[in-house]
Amino acid sequence: MSVFGEAALSAFLELLSAKLLDSVLNFVADHRQVHQQLKLWQSILPEIKTVLNHAEEKQIKDEGVKNWLDDLQDLAYDVDDILDEFAYQELRLKHQKTQPQASTSKIQKLIPTCCTGGNFSPISFMFNAKMISKINTITDRLNSLNTRRSSLGLSEIMSQGATSKGNKPRLQPASLMDGAVEYVGRANEKQEMLELLNSNNSDGVCVLSIVGMGGMGKTTLAQLVYNDPSIKESFDHKSWVCVSDDFDAVNITKTILRSLDAESRDENDLNLLQVKLKEKLSGKRFLLVLDDIWNESYSDWTILRTPFGAGTKIIVTTRLEKVSSNVDSVKAFYLDKLSHHDCLSIFAQHALKARNFDGHLQFKEIGENIDHSEWEKINESEIWDLPEDPCGLIPALRLNYHYLPPHLKRCFAYCSIFPKDYEFEEEEIILLWRAEGFLQSKAKIQGKGLGNQYFQDLVSRSFFQRSGKDKSRFVMHDLMNDLAQSIAGEICCRLEDDKQSKFSLRTRHSAYVSDDGYHSVKKFEAFYQMTSLHTFLPLLHGKCRFYLTNVVVEDLLPRLSCLRVLSLRGCEIFDLPDFFENLKHLRYLNFSSTQINCLPDSLCTLYHLETLILRNCSKLKNLPSKIENLVNLHFLDISGADSIERMPSGFDQLTKLQTLSNFVIGEGDGHLIRELKNLSNLRGNFCLSGLENVNGQDVREAKLNGKLGIDGLELQWGEDLENSTRKKEKKLEQLIIENYGGNLSSLKLRNCKNCKSLPSVGRLPLLKDLSIIGFDQVQKIGVEFFGENQLNPFASLEILSFESLPNWKELPTHLPSLQKLEIHSCMSLVVSISSFPSLCELSIRGCAELVDDCSSPAKEISFLQTLSLSNISKFNIPADRTMLRFGNLVGHRFITVGCCPQLQSLEAEEAELQPDKISRVESLMIVSCDGLNRLPQVLHELTFLTVMEIQGFRGLVSFTENNLPPNLKKLKIAGCENLKHLVDENEDSKSLSSTLFLFKDLEIQNCASLMSLLSKGNKNICSQLQLLRIINCSKLSCLFSNTKFPITLKHLIIKGCPVSEIKSLPRGLDKLIHLQEIMFFRTFVVDGCGNFGALPKCMASITSLRRLSVLNCSADISFPSEGFPANLTSLEIINAPKNYRSLVEWGLNSLSSLQELIIGGEGCSNVVSFPEKGTRMMLPPSLTRIFLSGFENLEFMFSEGFQDLASLKELMIGDCPKLTSLPEKYMLRSLGHLHIFSCPLLKKECSSNNGREWSKISHIPLVQIDLEIALKAKLAWKWAFRKIL
């Protein structure tokens, strides 16, 4: 079937039956017709539920059964919608009863009392009558499904496990390995496992577990270890058992016995088997591999391991973390994806039967640079829709899904709405699951706790993985994402840019994914057919804000009356229509990072609402006045909504509230803090602000000490107490914390401007993270900070941050556990680098002096990995220790030194640096250190250095060819005014060719003396170069002189280098098979053309070229007659009229991949239309952005040229004083951003007040006219102007 499988659908039907029992039947008891039909539903649903196992089996080969399941699933959603409407009306009526009652209406007085039940009201009467037709339709569909059930021969059967469901049993892997294959990628894990297995230090059974998702190589690693020669020497016996999904202790024990004694008698008594096995293993060293365990029962495991004792070592492979925990592993090996190098080696083995490409160099580049689009074609192919997967991958993944409990199946399949590589937080997913009704438990577990349990279960089974970029976030592996999509089918869909989606009338959950900031009408056309949609969720790649067409908010959303989840997070909207009465099912609302300044009153009619997220709504001034109506609210986040000055009354009614980010007490509202008394379920982080408006009695009444779930508390007073006209208490000068017995691990003290000393936080034994910010009066941190007579202060402190203590002069020492120290903007402070020997990270940005008091030997600073020094007024380090101390510092991983004018050297003049002390440095940045007289002479010794940046260093004239780090991949040099050559060549040296062999990214900016990269130009220093960017180097005359461009070059950017200086570029542009971008700014370019009149003829043959920019070039330059590179995605021609004419003559429509077109029409006075009428300037359909400027006589946009632009998103037009019209409206439906500047006639026509062109553009999300942004948007797109002007 399409969505959640029979178990999940079964759970869904069970939930519907429970809803009928719980309250709906009671609610409609007085409406006989409705009550009878709902009772009928209650009887039929369990009958259907009993045949779901049979239907799941038959649907694989029987299309009729598959359709029946799809229809049943669709009906189940419709039933849920109707039951939810009854539940809503019940809540509404309960609310009405609590309100002051008006006089009885005349109409109600005419209705006999015998006809009015306890719940009667004119509205409820209309409600029931309105629902009858819907209920009748549902009943007919339910009866039809029940009849079809019988005709399809569906009957009740028990679930038979994975192998009975029409699939062949999986072929079980054995212990033997393919001798023809050379295995790569798990050498470290293998070695560590062998060391543990071969050691003799275990008194009992030693278990090692290998954990990872399917296909990560768990079994292969176990085979590598099992077959290693050292195992044969260390163990008397070994045995391999593939357990798989059938964890049968009898069969497993029999298999082990047979491996030890082929003549062993076939027994089925577990006791006899285990006694015999124990006898066999007595006094023996035994290795057992249990491959692919799924069983999570701890008791089953303890029974299985009974016969094993000292001398037995077991390797377990599993996909489940819980299994690893159950077997009590000495160590668990969690397998991550293989490195790029290892993957390439595997690729070479399969493609060439070789370990690598060394013997097949002609194929190396092909292997390393397989076109990403080809993989996309495979990914988007229909292989995922096939019932049988020839490679066995899908069945392996489906097995993961098969073993999920029913409640987790729905949760996992729902996540198919997220795009690949989308990173999400645990809380984000749990809130969505709760809104969709997935968190259901017979036990009284609160939603967040239950959701956390669900989420962690999926993590432990490898359905979710921690992000490699941010450990607080999670991702789904691409294959898991594919699995979720194949399971969810048409119920869950996501709309992605430039990808077809399987939207249908059955779709209930949808997300739309976008890389751009404009969401136009065309993007949402598919949503109009999804009238029963439950989820409307924008997901933005790398952007926090977007512009949305007004059509969505004003027309589409009010139609989606079944929504449970609605998010407009990041949308640039200012006002919300009053449409919430149409969206009565809503459980989740997210308006984070929008520009709304108020919330409609109708929001308080959302009696089902559970989650309201208003994070970073900086313009929002008030919460709704009737917030007490939101009786089901669990989660309210207003963090970052700093314009809210007070909370409305009524919070005492929100007794289900679990998360409340902030409670703001306004002037005169101190008593409102008492309303927190009833919020006993609060937990997590909680901030109380406006405490200057509260007295002690109010605080006591709030019962904050009884809210045991709060684990992060922030207390805020107003920032302007000094200027307050209210009577205020005596200024706080000292804060003492004494005998605190809690488990506080993180503490932040901020902006206590009048405190003269710090509290005794050293007494907190579990404190790990301490931040002290904005203590203006503190001059010294003394014994009071550590706590008097405290034997072990700050016993657990790992992170310490000081910021903005302008009068602080002395740094505390003796913090033995400290790993990270940050000191920012403490301009009177003297810092000793000898005081913290265990530091891993040190950041100093702004202090008076850095000293080395020689109190500890330099070798003690051995853990430092990251060093950042900037804005330090004075360095006081003895000359004989400068190199040694900095040598040890530089010996670590990440070094940044900036804005330190007194720093003269990073090393002593005479001392030699020990290579082992510096071998791990990876990144070095030196910025604006005016006193620095030279770079370290040991750069060539930094073999791990891959990134180096040098800015504002006057002493740099060139590098000597022997003092460049040998493995440097990225080098940026900026503002080095005396730099003449990158490398000063030595004619006698032969080492230079390898010195920069790994160079990939070279950027040189604002170096006024630079003449060339090499002083003589005779050597190839950049054979691996991929990006070359040279900007504002006024004396640059050549690049590589006698050599050619590196064949690996992808991006070539030259800007701000005068026309008169550069005479040529190196030959061989047509050989650059990877070149994607060329940009020439104010540059005269010649290559093989003696008359200097044309760009290189080979330009058209550079098929890899993606971006070409020609700006402000000589009027005599023309483009070669061979044409433009065919695969261009971006073309920019500004103030180059001859190039524009070449473009017109050659035909723009031939650039079938072009996405961005930027044309500056300076010098094109004969152009009156764009595209030019009667020319070959039909615009290619692939275009997404068009920027036009400087056409002095342009009068109109030629509509026929725009007729195929279905993907056009941005149109910018400027400095066209005679332009009066735009293309027709239907050609602009996909447009998300229209920007018009310095076009006075067009501006008038586009006015919303009777402008003739306004009807063409009113639907566009963002309209900017002369920096005035229509539709109330206020973001100025200056980047586009800079690009054009």
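Below, each value reflects all heavy atoms present in this structure, side chains not excepted, and no hydrogens, waters or symmetry copies. Please read these numbers as outputs of a predicted model, since none were measured by experiment.
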Could you tell me whether Y512 and H519 have their ring centroids closer than 6.0 angstrom?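 Ring centres of H519 and Y512 closer than 6.0 Å.
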How about K970: does its NZ atom have over 12 heavy atoms from other parts shown lying under 6.0 Å from it?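 Open: at most 12 neighbouring heavy atoms sit under 6.0 Å from NZ of K970.
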Positive for side-chain hydrogen bond (donor to acceptor under 3.5 Å, both in side chains) with Y518, one of H1233, E572, K523: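 One option only clears the test, and that one is H1233.
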With the threshold set at 4.0 Å, does a side-chain nitrogen-carboxylate oxygen contact exist between [X] and [Y]?
X: D1001; Y: R1029; result: no
X: E525; Y: K522; result: no
X: D1266; Y: K1243; result: yes
X: R1252; Y: E1245; result: yes

So [Y] and [X], do their side chains get closer than 4.5 Å, heavy atoms only?
X: F424; Y: S467; result: no
X: L557; Y: F527; result: no
X: L1194; Y: V1168; result: no

F1198 and F1196 aromatic ring geometry - parallel, tilted or perpendicular at 30°/60° bounds: perpendicular
Please give me the minimum heavy-atom distance between L548 and P1261, naming the atom from each residue. C-CB, 3.5 Å
